Every structure is written in C-alpha cells, then in structure tokens.
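Here the structure is laid out as structure tokens; the discussion comes afterwards.
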Protein chains: 2
Amino acid sequence: MKSEKKQGRPRAFDAKAVIGQAREVFWDRGFSAASLDNLSAATKLNRPSLYGAFGDKEDLYLDTLEGYREDSLDILSEALNPTLTLRENLTRIYAEALKIYLHGETAARGCFLIGTATAEAIQHDRVREVLRRSLNEFDGAIKERMELAVEQGELPDNTDAATLAKLASAVMHSLAVRARAGDTRGTLEAIARSGVDFICGRL
Amino acid sequence: MKSEKKQGRPRAFDAKAVIGQAREVFWDRGFSAASLDNLSAATKLNRPSLYGAFGDKEDLYLDTLEGYREDSLDILSEALNPTLTLRENLTRIYAEALKIYLHGETAARGCFLIGTATAEAIQHDRVREVLRRSLNEFDGAIKERMELAVEQGELPDNTDAATLAKLASAVMHSLAVRARAGDTRGTLEAIARSGVDFICGRL
DNA sequence: GAATATTTGTACCATTTCGCATAAAACTCA
DNA sequence: TGAGTTTTATGCGAAATGGTACAAATATTC
C-alpha cells in the first residue's frame with residue numbers, strides 16, 4: 001500500500017512525528033494556552049500545513065490524545081504480562097507511569113491525559129469522551145489481569161476484580177496529579193510501593 | 001475593624017461573592033480558556049473594577065484557588081470528626097467530595113483544583129505551589145486522623161499513617177478525575193465505598 | 001459645602017489569536 | 001513536456017484578548 005505514490009507534491013514531514021511534537025507543546029501548556037504559533041514553531045510546519053494535515057487546533061489536540069492513549073495502552077499491556085506475578089505487574093505499571101510522568105527527573109509534567117484533558121473536558125465533549133474512554137480502557141486492562149489472578153489463586157476468590165482494578169487505577173491517577181503538582185520522585189515511588197502492597201494483600 | 005469606613009466611593013460588590021462567581025467560570029472553562037469578558041459577565045463587574053480589586057487574571061484565579069482550598073479544608077476537617085469511627089470519617093469525606101464534584105447530578109465538573117490547576121501547573125509556578133500545598137494539607141489532615149486511629153486501636157499498630165493517608169487521598173483524586181471525565185454517580189459511589197472498605201481493613 | 005479618596009463605566013489600545021486566500025513549489029501521470 | 005494534484009510559504013484579516021486611560025460618580029473627612 002505504501003508503494004502507491006500519491007499524486008502531487010509530497011509532504012515534507014512525518015505525520016506521526018508532528019503529532020508527537022505537538023503533544024509536547026500541549027503537555028506543557030495545556031490545550032487552551034497552546035497557540036498555533038507555539039505548535040507551528042515546535043513542529044516546524046506553518047499553519048496552513050497544520051490545517052491541511054490535521055484540521056483545526058482541537059482536531060490536532062484530539063490526535064495527540066489518541067496517540068497518547070494508544071502508547072499508554074501498549075505500555076500497560078506489556079507491563080501486565082501474565083507470566084509475571086500480579087505484584088510484579090503492578091510494580092511495573094507504576095514504574096512505567098512514573099517514567100513518563102517525571103520525564104527526566106527535573107521537569108515533572110504528570111500524565112498528559114489527566115494533566116491537560118481534564119481541564120477541557122467540560123467545554124469539549126470530544127475531549128471528555130477520549131478521556132473517559134481512555135480511563136475505562138485502562139481499568140479494563142487491569143481488570144482482566146485481576147480476573148486471571150483470581151483464577152490462579154493470586155487473589156481471594158471473592159475478589160471484585162473490576163473494583164480492585166479501579167483502585168489500582170486510582171493510585172495511578174494520584175501519581176499523575178501529584179507529579180504535575182511537583183512531588184519528588186521519592187515521594188511518588190513510595191506511594192507506588194504502598195499501592196502495590198495494598199492491592200496485593202497487604203500488612 | 002469593619003466599622004472603620006474607608007474613604008472614597010464604596011464598593012458596590014462583595015469581594016468574596018465575586019471570587020465565588022469567578023470560580024464558577026474558571027471551574028467550567030479552566031484558567032486559560034476563561035476570558036476577562038466571561039469573568040466580567042459572571043461577576044457583573046467591568047474589567048477595571050476587577051483589576052482594581054483583584055489584580056490581573058492570574059491573581060484572580062489564585063484567589064479562587066485559595067478560596068476553594070480553604071472551603072475544602074473546612075469540609076474535610078468537619079468530616080474527620082474524631083468522635084466518629086474512621087470508617088465513618090472516610091465515608092463522609094468521599095460523600096462530601098462527590099457532592100462538590102457532581103454538582104447537581106447532571107453537569108459533573110470534578111474537583112476545581114485537580115480539574116483546572118493541574119493544567120496550568122507547569123507554566124505557572126504560583127498555581128503549582130497552591131496545588132501542591134493543597135494536596136499536602138489534605139494528606140496531612142487525613143494523616144492526623146489515621147494516627148489517632150492507630151492510637152485508639154482502630155488501625156494496626158504498625159500502620160504507616162502518612163502512607164495510608166496518601167492512599168485515602170488517592171481515591172479522592174481518582175474520584176475528582178473520573179467525575180470530570182463524566183462517570184456516573186453510581187460508579188463513583190461504588191469506588192468510594194470500596195475505597196473505604198479497602199483502607200479500613202478490607203476483604 | 002469643599003477637598004480628598006476610591007470606585008465605576010466608557011472607550012480605547014496594542015497584541016495575539018485562529019483561520020484562510022493566494023500563489024509558488026514539487027511531485028505524478030499521460 | 002504539459003496537465004493535474006497536492007503541499008508549502010507568505011501574508012492578510014477579522015475577531016478576541018488582556019490590560020489601561022480618563023473622566024464621571026459616590027462616598028468620607030474637614
């Protein structure tokens with residue numbers, strides 16, 4: 001399919017890369033405070049090109065959200081590898097999350113979705129829907145692993161997998177918010193550890 | 001002190017009330033997307049009056065955050081009444097939180113701080129500081145109650161009160177995000193219940 | 001009542017905002 | 001080579017933005 005060369009002048013950019021650069025801008029500034037000039041500068045595309053390829057600012061933002069959702073779900077799925085213990089799975093999830101949220105130790109930006117999409121969720125229905133769907137998918141992925149854990153005796157028989165999964169997500173939501181609020185890596189790692197202990201039968 | 005009448009034309013508005021009306025605007029739209037026209041319309045003050053009384057948009061926003069922080073802390077303190085059981089305390093905290101987050105069953109707006117301040121936290125240091133301080137104060141208030149619970153035998157002796165408090169907060173952070181993402185009251189209440197069960201010795 | 005002090009309302013300004021019109025550029029296909 | 005197609009670059013424009021100058025209005029104090 002790729003070999004079918006399109007007619008006309010070829011694009012001088014890679015759409016995926018551009019969305020990634022745009023994501024960085026939105027991540028730092030939020031949707032509303034990110035101007036098309038900011039985006040144009042970061043992507044090195046002038047506005048008409050941005051429009052032609054991605055539509056208006058909201059469309060582009062939705063693309064970045066969608067990309068983040070996919071990336072996150074991939075990482076989550078990998079961390080949930082069922083050949084490992086549930087404890088190890090959760091430890092990995094939180095570790096991967098903090099890798100993203102802290103972004104190089106200094107400039108902590110938290111979760112892209114929770115940090116920027118929540119603010120727009122009231123005014124922009126499409127944003128709220130992406131946010132909602134993303135949170136649900138994360139819950140769902142963890143829930144499946146929990147169900148397996150119950151089957152395999154890692155968790156008690158009477159465990160409510162769906163609910164426990166939501167609590168596991170809750171710890172991640174908290175890490176997301178706290179990272180953006182400027183909490184230190186150490187603090188966040190401690191929360192992650194205690195979250196794991198707590199969910200995998202504590203004390 | 002109030003009797004010391006200031007010279008000059010008296011204000012035709014109540015500052016606290018205006019801050020409350022401005023909060024509503026910021027709550028729905030976020031800081032960046034809220035225009036001075038929006039704020040002016042909602043408060044029924046023209047821009048020069050807003051500037052004279054509160055400074056620029058960021059100053060006003062910080063005032064609304066501060067007011068929310070104080071209100072929330074008051075509600076939290078009340079809910080943490082130590083003559084009740086810890087379980088009852090937590091149940092109340094989450095119930096009060098949902099009362100605020102859901103705001104009349106239909107238009108769920110989540111937590112004002114988490115829903116709007118997180119987005120600005122990277123670019124605006126003062127916003128980040130208010131957010132950080134608020135989260136820490138909430139954690140601290142719950143922690144104190146947890147320590148009492150340990151003393152009184154409601155929680156095991158080896159309980160790490162600070163960490164457990166952060167987990168209790170984590171459930172609230174999750175409610176805050178999910179409410180703004182559009183989750184139903186029923187879903188959120190279920191999470192709150194399981195959070196209580198989980199923290200107050202579960203299974 | 002006059003002087004003083006503060007708030008209010010109108011109108012304005014400079015800048016930034018998003019978005020697009022237009023034409024040159026770069027490619028494919030015949 | 002020339003027609004057709006898509007992307008790029010320049011630059012425009014209308015609207016909205018945050019912020020302010022200035023004078024009228026309304027109070028206190030002397």
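The figures here come from the full heavy-atom set of this structure, side chains too, leaving out hydrogens, waters and symmetry mates. Labels below follow one simple rule: chain letters A, B, ... track the order of the sequence lines, proteins then strands, and each chain is numbered from 1. Because the structure is a prediction, the values reported are computed rather than measured.
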Residues forming a side chain to side chain contact (heavy atoms under 4.5 Å, CB included) with B:A168, sequence neighbours excluded: B:L90, B:Y94, B:I142, B:M146, B:I199
Spacing of A:F54 atom CZ and A:L45 atom CG [to the nearest 0.5 Å]: 7.0 Å
Sugar-phosphate only, base, or nothing, as touched by A:A33 at under 4.0 Å among non-hydrogen atoms: nothing
Qualifying residues under side-chain hydrogen bond (donor to acceptor under 3.5 Å, both in side chains), relative to A:S194, sequence neighbours excluded: none
For DNA chain C, the residues among residues 36-44 of chain A that have a non-hydrogen atom under 4.0 Å from it: A:L36, A:D37
Length of the line joining B:Q7:CD and D:dT28:P, which is rounded to integer Å: 10 Å
Listed partners of B:P82 passing side chain to side chain contact (heavy atoms under 4.5 Å, CB included), at least two apart: B:R145, B:L148
Residues in contact with DNA chain D, drawn from residues 16-24 of chain B - heavy-atom cutoff 4.0 Å: none
ring-ring contact (aromatic ring centres under 6.0 Å, His included) between B:F26 and B:F112, worked out: CA-CA 8 Å; B:F26 286 129; B:F112 179 50; 7.1 Å; no
Contacts of B:R193 that satisfy side-chain hydrogen bond (donor to acceptor under 3.5 Å, both in side chains) - sequence neighbours left out: none
Electrostatic pair A:D197-A:R87, nearest N-O below 4.0 angstrom: yes
Contacting residues from residues 51-60 of chain A, given that a heavy atom lies under 4.0 angstrom of DNA chain C: A:Y51, A:D56, A:K57
First encountered from the 5' end of DNA chain D, between B:S35 and B:P10: B:S35
A:K143 NZ: over 12 foreign heavy atoms closer than 6.0 Å: no
Spacing of A:F13 atom CZ relative to D:dT7 atom P, expressed in whole Å: 7 Å
side-chain hydrogen bond (donor to acceptor under 3.5 Å, both in side chains) contacts touching residues 11-21 of chain B (sequence neighbours left out): none
Note: B:E129-B:R126 ion pair, threshold 4.0 Å (strictly below): no
Spacing between A:L50 atom CG and D:dA9 atom P, to the nearest angstrom: 11 Å
d(CG, B:N46; P, D:dA23) in whole Å: 17 Å
Parallel, tilted or perpendicular: ring planes of A:W27 versus A:H103, cut at 30 and 60 degrees: tilted
Terminal contacting nucleotides, 5' and 3', DNA chain C versus chain B (heavy atom, 4.0 Å): C:dT4 to C:dC12
Student check: side-chain heavy atoms of A:H173 and A:L135 closer than 4.5 Å: yes
Results of side-chain hydrogen bond (donor to acceptor under 3.5 Å, both in side chains) for A:T85 - residues two or more places apart only: none
Interatomic distance where CZ belongs to A:R47 and C1' belongs to D:dG11 [whole Å]: 10 Å
Closest-nucleotide ordering on DNA chain D, the 5'-leading residue of B:S32 and B:G8: B:S32
Aromatic ring proximity B:Y61/B:H124, centre distance under 6.0 Å: no
Crowding at CD, B:E78 (>12 non-hydrogen neighbours, <6.0 Å): no
Touch class at under 4.0 angstrom, heavy-atom based, for A:P48 against every strand present: base
side-chain hydrogen bond (donor to acceptor under 3.5 Å, both in side chains) partners for B:S169, two or more places apart: B:D139
Estimated bend of the helix from C:dG1-D:dC30 to C:dA30-D:dT1 (axis per five terminal pairs, rounded to 10 degrees): 10°
